[in-house]
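Reminder, nothing fancy here: chain letters follow the sequence lines and each chain counts from 1. What you are looking at is a predicted structure, and each value in this text was computed from that prediction instead of being measured.
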Amino acid sequence: MLNIKNLHVSLEEEDKQILKGVDLTVEAGKVHAIMGPNGSGKSTLSYVLSGKGGYVVADGSADMEGVDLLDMEPEERAAAGLFLAFQYPVEIPGVGNMTFLRTAVNSQRKARGEDEMSATEFLKVVRERAKSLKIDADMLKRPVNVGFSGGEKKRNEILQMAMLEPKMCILDETDSGLDVDAMKLVAEGVNALRSEGRGFLVITHYQRLLDHIKPDYVHIMANGRIVKTGGPELALEVEQNGYADILAEVA
Amino acid sequence: MAVAQTNMDETTERLKSLAMPQGGWSTAGREDALSRLITMGLPQRRDEYWKYTRPDTLVQDTVIEVSVLETDEEAVFKTVDSLKIVFVDGVFDANASDDLSLEGVTIERLSEAGSDIHWAQGLYGALETGGQTPVQRPLAALNTAFATDGVLIHVTGKPSKPINMIYTHVAKTSDAILHHVVKVDADAQVTVLENGPAAARFNKCIEVDIADGAKFHHVRTQGRDHERRAVTHMFARLGEESTFKSFTLTANGVLTRNECVIELTGDNAHATVAGAALGDGDFHHDDTVFITHDAVNCESRQVFKKVLRNGATGVFQGKILVKAGAQKTDGYQISQALLLDGDSQFLAKPELEIYADDVACSHGSTSGAIDEDALFYLRSRGVPQGEATDMLTLSFLAEAVEEIEDAGLAEEINERLAAWLARRRS
């Protein structure tokens with residue numbers, strides 16, 4: 001599904017290398033987790049894959065189902081099936097959540113040459129999917145993320161994911177700022193979307209999210225590289241011993 | 001303040017080309033206005049109050065020839081059930097207008113009001129006079145003296161529909177001067193709508209007297225003819241527990257100066273004046289607002305948003321004056337510009353002058369570009385860059401549009417804003 005090869009990325013504004021040769025393959029139907037200390041480049045990887053400005057790709061490649069991602073505009077990547085759940089979802093006053101969702105769904109459909117979803121159909125689907133995430137009518141009506149609690153913002157991200165039905169989902173620290181109950185709810189939402197044809201890349205600091213979203217693989221990222229890969233047990237090791245041991249081991 | 005001899009000469013010269021309508025009850029008010037005007041002199045480039053906007057083309061006796069925008073876009077408020085009063089280049093069009101009768105209100109034309117004693121006699125030019133201190137507004141005095149027509153609206157009840165003044169523009173060098181007076185009796189309420197480009201040059205004044213417990217709602221759009229010029233004044237006086245809410249959408253126009261002068265004279269009154277302006281290229285838009293709090297526990301809001309591109313200029317001069325004794329005043333003022341490129345500019349002069357010690361006044365003024373993080377967020381969901389930019393632009397304007405009380409009218413304004421932006425994308 002997602003193939004990242006030898007990806008080198010620097011900041012545009014300053015001569016600072018963030019990613020120093022990332023290699024990673026996420027297969028359809030699998031959940032890969034990336035863990036790592038602050039500043040290791042995890043969020044940068046998610047931004048570069050989804051097309052945020054301010055980064056320069058110096059070397060390497062990233063493709064999704066054989067299509068070069070790095071050459072596309074952010075909206076083209078989205079229409080091709082890439083989705084990033086933001087660590088800090090942006091507040092957009094004056095734009096209703098529902099309007100935003102519908103514009104996003106139909107923009108992607110239009111870009112793919114599909115028919116737009118009718119208002120009635122959209123309403124039906126959105127209500128059903130919002131319900132399972134405990135998102136009420138009021139949250140759908142309010143401006144995007146404005147006045148939402150941390151948990152509401154993250155649930156709203158998952159609702160967008162559920163509506164857009166992407167092929168490849170990247171979750172950037174979706175657990176940050178969530179209490180245990182909220183994390184469970186978000187994880188249930190993600191698990192409901194797990195399927196044969198869909199890949200997941202879950203970026204997190206903590207093992208506890210991975211108790212709820214069970215990964216197939218766990219990668220440890222440090223200093224702009226993936227330094228160790230293993231099964232779910234690797235996350236437990238991090239939880240118990242911290243990153244220091246692993247980093248010392250691979251150094 | 002002595003007026004320089006040259007200015008007095010220029011003013012006298014300018015006035016030669018204007019004819020004061022004769023006869024009728026308004027004559028005394030008009031003559032007073034003329035003497036005010038001669039004493040003040042017409043605005044000049046070096047006047048402090050005209051620092052950001054050049055008055056020459058509004059003042060000079062020749063009107064610059066303009067093109068009239070050809071458009072198949074429907075007029076704003078066309079589908080709103082209203083009593084329509086149409087002026088073409090400042091001349092009343094009886095055929096296009098509705099019958100001027102509506103329950104709860106009497107409507108007359110200024111030019112037909114006759115010589116008998118009239119309810120508007122004590123008001124015509126009175127609020128304008130009050131608005132001449134502490135800052136002079138000579139073009140309003142000129143309007144009072146020389147207005148060729150206008151509408152006198154006396155609201156005694158709660159009319160079932162809005163009164164819609166429609167200003168059509170067909171002539172290339174029209175120079176229109178209209179003066180309206182609105183008197184809203186105690187506990188009565190009315191909605192006044194205005195739309196249309198009006199004339200090549202338009203000088204409009206509206207005086208609004210709002211009695212205790214009365215409500216006045218006003219939504220205006222200034223037509224999108226690119227080359228038109230306009231100077232407008234709105235003077236309002238608010239009684240106890242009364243409400244004044246005014247919103248203006250300005251799209252295009254080579255020069256627009258909208259002055260709004262509000263005096264809160266009764267306790268617990270509320271005034272809102274808001275505006276959304278869209279400018280592309282040769283566009284100069286000036287909102288000049290002066291709100292005086294002269295009673296206890298009144299609230300006032302000024303909410304102005306401007307979207308500027310291709311070298312457009314936006315100006316905001318807004319003042320809150322809280323007089324001694326106007327305790328518990330709640331004053332809010334925000335003026336913001338979204339600059340869509342590096343060529344556009346926003347000039348803002350927010351002012352507070354407070355003589356009471358128990359008040360809450362806040363003000364803010366910003367200019368900035370589209371928020372890149374928000375833009376990326378929308379694009380990452382599949383919304384193309386152009387549409388995403390428009391969504392964020394509408395989001396920026398929303399705070400001003402939300403000041404419109406009526407949801408249907410707000411929706412129509414939003415549609416117009418979206419259409420204006422979409423036209424610039426294609």
Side-chain angles (χ1 to χ4, degrees), chain A residues 12 46-55 72-97 99-112 114 116 143-146 153 156-157 159-161 163-166 169-170 172, chain B residues 247 249 274-276 278 303-307 334 336-338 364 366 368-404 407 410-422 425-426:
Chain A
E12 200 173 64
S46 72
Y47 286 146
V48 170
L49 291 174
S50 49
K52 191 176 187 190
Y55 300 101
M72 297 157 103
E73 297 294 334
E75 54 268 34
E76 294 171 334
R77 302 180 199 205
L82 186 76
F83 182 90
L84 169 66
F86 280 52
Q87 182 179 2
Y88 303 110
V90 181
E91 298 186 6
I92 307 178
V95 177
N97 210 9
T99 310
F100 164 61
L101 270 172
R102 199 167 158 227
T103 307
V105 167
N106 282 334
S107 296
Q108 292 201 11
R109 290 187 162 220
K110 213 167 134 189
R112 291 193 294 259
E114 298 164 11
E116 292 189 8
V144 182
N145 293 325
V146 177
K153 281 182 182 168
N156 203 31
E157 292 292 286
L159 175 65
Q160 291 168 34
M161 193 161 92
M163 290 305 297
L164 294 167
E165 301 178 336
C169 307
I170 305 172
D172 186 12
Chain B
F247 172 90
L249 161 63
L278 300 165
V303 183
F304 288 92
K305 302 269 185 160
K306 298 180 205 292
V307 174
I334 183 93
Q336 295 180 305
L338 178 62
T366 64
I370 286 275
D371 179 349
E372 288 296 328
D373 287 337
L375 186 63
F376 173 63
Y377 187 64
L378 293 177
R379 295 179 72 193
S380 79
R381 298 302 180 248
V383 184
Q385 183 164 14
E387 278 178 51
T389 306
D390 286 4
M391 272 181 113
L392 293 174
T393 306
L394 290 172
S395 148
F396 165 79
L397 293 167
E399 192 189 348
V401 179
E402 280 162 9
E403 297 293 337
I404 301 172
E411 181 58 33
E412 171 144 17
I413 294 296
N414 257 329
E415 282 167 16
R416 298 292 165 154
L417 294 169
W420 189 92
L421 293 170
R425 225 184 325 122
S426 49

I need the A/Phe100 CZ to B/Leu378 CG distance, nearest 0.5 Å.
5.5 Å

Flag side-chain contact, heavy atom, 4.5 Å: A/Pro93 against B/Phe396:
no

Work out which heavy atom in A/Lys52 is nearest to a heavy atom in B/Asp373; give both atom names and the distance.
NZ-OD1, 3.3 Å

Taking the six-membered ring for Trp and the full ring for Phe, Tyr or His, determine whether the centres of B/Tyr377 and A/Tyr88 are under 6.0 Å apart.
no

If you tally heavy-atom pairs under 4.5 Å against chain A, which of B/Met391, B/Glu402, B/Glu387, B/Arg379 wins?
B/Arg379

Comparing A/Met161, A/Arg77, A/Gln160 against chain B, the one with the most heavy-atom pairs below 4.5 Å turns out to be A/Gln160

Choice from A/Ala80, A/Gly54, A/Pro89, A/Pro166 maximising heavy atom contacts with chain B below 4.5 Å:
A/Pro89

Of all the heavy-atom pairs spanning B/Ala398 and A/Gly94, show the shortest one and how long it is.
CB-CA, 3.6 Å

Which portion of B/Leu392 sits near chain A, non-hydrogen atoms under 4.5 angstrom
side chain

Under the side chain to side chain contact (heavy atoms under 4.5 Å, CB included) test, which residues partner A/Glu116, sequence neighbours left out?
A/Asn106, A/Lys110

Smallest separation among heavy atoms of A/Val95 and B/Ser395, with atom names:
CG2-CB, 3.7 Å

What pair of heavy atoms forms the shortest contact from A/Leu164 to B/Arg381, and how long is it?
CD1-CD, 3.9 Å

Counting heavy-atom pairs under 4.5 Å to chain B, which of A/Pro74, A/Ala78, A/Gly51 comes out on top?
A/Pro74

Could you go through the side-chain contact (heavy atoms from CB on, under 4.5 Å) check for B/Ser380 and A/Phe83 one step at a time?
CA-CA 7 Å; B/Ser380 79; A/Phe83 182 90; over 6 Å; no

CD1 (A/Ile92) and CG (B/Leu375) are apart, to the nearest 0.5 Å, by 9.5 Å

Less than 4.5 Å to any heavy atom of chain B: does that hold for the side chain of A/Val105, its backbone, both, or neither?
neither

